[in-house]
Number of protein chains: 2
Amino acid sequence: MAMRPELLKGHVDALLLAVLEPGPQHGYAVIESLRAGSNGTLDLPTGTVYPALHRLERAGLIGSDWETVGGRRRRTYHLTTAGRAALGEHRALWDEFSIAVSALLGGGTKPAPA
Amino acid sequence: MAMRPELLKGHVDALLLAVLEPGPQHGYAVIESLRAGSNGTLDLPTGTVYPALHRLERAGLIGSDWETVGGRRRRTYHLTTAGRAALGEHRALWDEFSIAVSALLGGGTKPAPA
DNA sequence: TCACAATACTTTGCGACGCTACATATGGAG
DNA sequence: CTCCATATGTAGCGTCGCAAAGTATTGTGA
C-alpha cells in the first residue's frame, strides 16, 4: 500500500495487463511482480487484484487455466488478443495522461524510463 | 473529457492546488487553466471541479473570496499554507507513482519534458 | 427585440472501483 | 503443533469523477 490513496483508480487494469504481457502468471505471482517491478511502491492487496483479474476475464482481455502445483491450486492467467490490444491503448492513454499531469504539476522531477 | 475513464481519481486535488499556486483564480478560470496547461488533454467538467474546490476548502487547503466583476459574481480561490504543504506532498506522491507505473508499463514512449 | 452563446456557479444522484476485513485451504519450518 | 508463506475468494464500504439539470448575467448576431 505504499501509495496512500487510491491514485490507482483506473490504472490497475493497465498494470495487470502489462505484467501478464511477458507470459502467463497466477494471481499471487502477479501481486509479487507488481511489487518487484515497481521497486516496492505498488503493493496491491488481494482484495484489489483478484476482483480486478475476474473483471478482466469477464471483459475477455485475459483467460485463465486452473492447475495444481505441489498440492496447491492456482489459477494461471494469460493475455488474449483483445487484451494485447487493450494494453496498447492503455499505454497510449497513460503517456498522454502522465505528460499532462507532469506538465501541470510543474517543477517535479521527470520519470527516467529505461 | 479527452481522458476516457476517470483516470484522474485521486489526482484532481493535486492538479487544482498546482493551478492555484502561481496566484488566485476563480473556478471557471481554473478549468480553463487546466485545459490550457495540459494542451487540451485535461478538460474537466464543472461537475468535477466545483465540488472538488468545495472539498479542498472544507479541508482547509484553499480559501475563497466572493467578488463581482462586470455584474458577474465569482468566487476566487487561493492556496492556504496547508494547501502549499499538501501540494508538495502530492508532487512527491505523483513522482513516485508515475515512475512506478511507467516502469511497469515498460516499453511505452517517454514523456516529453516541458 | 429575441435568441443564443459564453461566463459563472451549484447540486443531485449514479456508477465505478480500490480497499478493509474476513473466510478458506495447503505445505513447510520451527 | 503452531505459525507463516502460499494461494484464492467475497461482502460491504467509502470515495469521488461525472452526467445532467438548474440559476443568473453579459454580450452578440440576426
Side-chain angles (χ1 to χ4, degrees), chain A residues 1-16 24-36 41-59 61-62 64-77 90 93 97 100-101, chain B residues 1-17 24-36 38 41-59 61-62 64-77 90 93 97 100-101:
Chain A
M1 318 80 180
M3 300 305 319
R4 281 316 142 79
E6 341 85 308
L7 300 180
L8 288 170
K9 210 80 173 200
H11 303 286
V12 168
D13 290 6
L15 294 172
L16 296 183
Q25 282 193 77
H26 61 284
Y28 198 82
V30 163
I31 294 174
E32 291 182 324
S33 292
L34 287 173
R35 195 168 38 224
T41 298
L42 300 174
D43 194 358
L44 311 198
T46 66
T48 292
V49 175
Y50 288 116
L53 287 171
H54 300 337
R55 202 165 59 225
L56 289 174
E57 187 169 27
R58 269 201 312 276
L61 303 183
I62 60 178
S64 70
D65 299 288
W66 282 99
E67 58 180 307
T68 305
V69 175
R72 287 205 195 81
R73 304 240 306 143
R74 41 163 79 159
R75 194 161 166 183
T76 300
Y77 292 94
H90 275 296
L93 231 32
F97 176 74
V101 175
Chain B
M1 323 76 175
M3 300 304 319
R4 279 316 138 83
E6 341 85 307
L7 300 179
L8 289 168
K9 210 79 173 201
H11 302 285
V12 168
D13 290 6
L15 295 172
L16 296 183
L17 293 174
Q25 283 193 76
H26 62 283
Y28 198 82
V30 163
I31 294 175
E32 293 182 324
S33 292
L34 287 173
R35 195 167 38 224
S38 67
T41 297
L42 300 174
D43 193 358
L44 309 198
T46 64
T48 292
V49 175
Y50 288 116
L53 288 170
H54 299 339
R55 204 165 58 226
L56 290 174
E57 187 170 27
R58 266 201 312 276
L61 303 183
I62 59 179
S64 69
D65 298 288
W66 283 99
E67 57 180 308
T68 304
V69 175
R72 288 204 194 81
R73 305 241 305 144
R74 41 163 80 160
R75 195 159 161 183
T76 299
Y77 292 94
H90 275 295
L93 231 31
F97 176 74
V101 174

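Convention: sequence-line order gives letters A, B, ...; per-chain numbering from 1. Since this is a predicted model, take the numbers as computed values, not measurements. As a basis for the values below, the full set of heavy atoms in this structure was taken, side chains included, without hydrogen atoms, waters or symmetry mates.
- For A:P24, the side chain to side chain contact (heavy atoms under 4.5 Å, CB included) partners are A:T76, A:H78, not counting sequence neighbours.
- Listed pair B:R74 / D:dT25 fails the phosphate criterion, with no side-chain N or O lying under 4.0 Å from OP1 or OP2.
- Dashed line: the shortest gap from a side-chain N or O of B:T46 to OP1 or OP2 of C:dC9 is not under 4.0 Å.
- Going from atom CZ of A:F97 over to atom C1' of D:dG17 covers 12 Å, rounded to whole Å.
- Proximity of B:R73 to the phosphate of C:dT7: no side-chain N or O atom is located under 4.0 Å from OP1 or OP2.
- The two residues A:A52 and A:V12 make their nearest non-hydrogen contact at CB-CG1, 4.0 Å.
- OP1 or OP2 of D:dT10 has at least one side-chain nitrogen or oxygen of A:H54 nearer than 4.0 Å.
- In this structure, CZ of A:R55 is placed 17 Å from P of C:dG15, rounded to the nearest angstrom.
- Rounded to an integer number of Å, the gap from B:L34 CG to D:dC18 P is 11 Å.
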Produce the list of close N/O pairs, under 3.5 Å, pairing protein atoms with atoms of nucleotides 27-29 of chain C; give distances to one decimal.
unit_1: C:dG27; atom_1: O4'; unit_2: A:R72; atom_2: NH2; d: 3.2

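- Rounded to an integer number of Å, the gap from CD of A:E57 to C1' of D:dG9 is 14 Å.
- Side-chain proximity of A:R75 to the nucleotides D:dT8, C:dC19, C:dG18 is greatest for D:dT8.
- The aromatic rings of A:H11 and A:F97 sit tilted, their planes meeting at an angle between 30° and 60°.
- Taken to the nearest 0.5 Å, the OG1 atom of B:T48 stands 9.5 Å off from the CG atom of B:L16.
- Atoms NE2 and CG, from B:H26 and B:D65 in turn, are 13.5 Å apart once rounded to the nearest 0.5 Å.
- Axis angle across the helix from C:dT1-D:dA30 to C:dG30-D:dC1, with five pairs used at each end and values rounded to 10°: 10°.
- Here the nucleotide nearest the side chain of A:Y28, chosen from C:dC9, D:dT8, D:dA19, is D:dT8.
- Taking B:R73 as the reference, nothing meets the side chain to side chain donor-acceptor pair (under 3.5 Å) condition, with sequence neighbours excluded.
- Under the side chain to side chain donor-acceptor pair (under 3.5 Å) criterion, A:S33 pairs with A:Q25, sequence neighbours left out.
- Here D:dA7 is the nucleotide among D:dA7, C:dC9, C:dG18 with the atom lying nearest to any side-chain atom of A:H26.
- When distances run from any side-chain atom of B:T48 to the nucleotides D:dT8, C:dT7, D:dC18, the shortest one goes to D:dC18.
- The side chain of A:Y77 has D:dG9 as its nearest neighbour among D:dG9, C:dA8, D:dG17.
- For A:W66, the side-chain atoms get nearest to D:dT8 when compared with the rest of C:dT11, D:dT8, D:dT10.
- Distances shorter than 4.0 Å separate none of the side-chain N or O atoms of A:Y50 from OP1 or OP2 on D:dG9.
- Minimum interatomic distance between A:Y50 and A:Y28 (heavy atoms only, all atoms of both residues): OH-N, 3.7 Å.
- The separation between A:H11 atom NE2 and C:dG18 atom C1' is 12 Å, rounded to whole Å.
- Minimum interatomic distance between A:I31 and A:L44 (heavy atoms only, all atoms of both residues): CG2-O, 3.6 Å.
- If you measure from atom CG of A:L53 to atom P of D:dT10, you get 12 Å, rounded to the nearest angstrom.
- A straight line from CG of A:L56 to C1' of C:dA16 spans 14 Å, rounded to a whole angstrom.
- Look at CG on A:L15: it is 16 Å from C1' on C:dC19, rounded to the nearest Å.
- Qualifying side chain to side chain contact (heavy atoms under 4.5 Å, CB included) partners for B:R75, counting only residues two or more places apart in sequence or in other chains: B:H54, B:E57, B:S64, B:W66, B:Y77.
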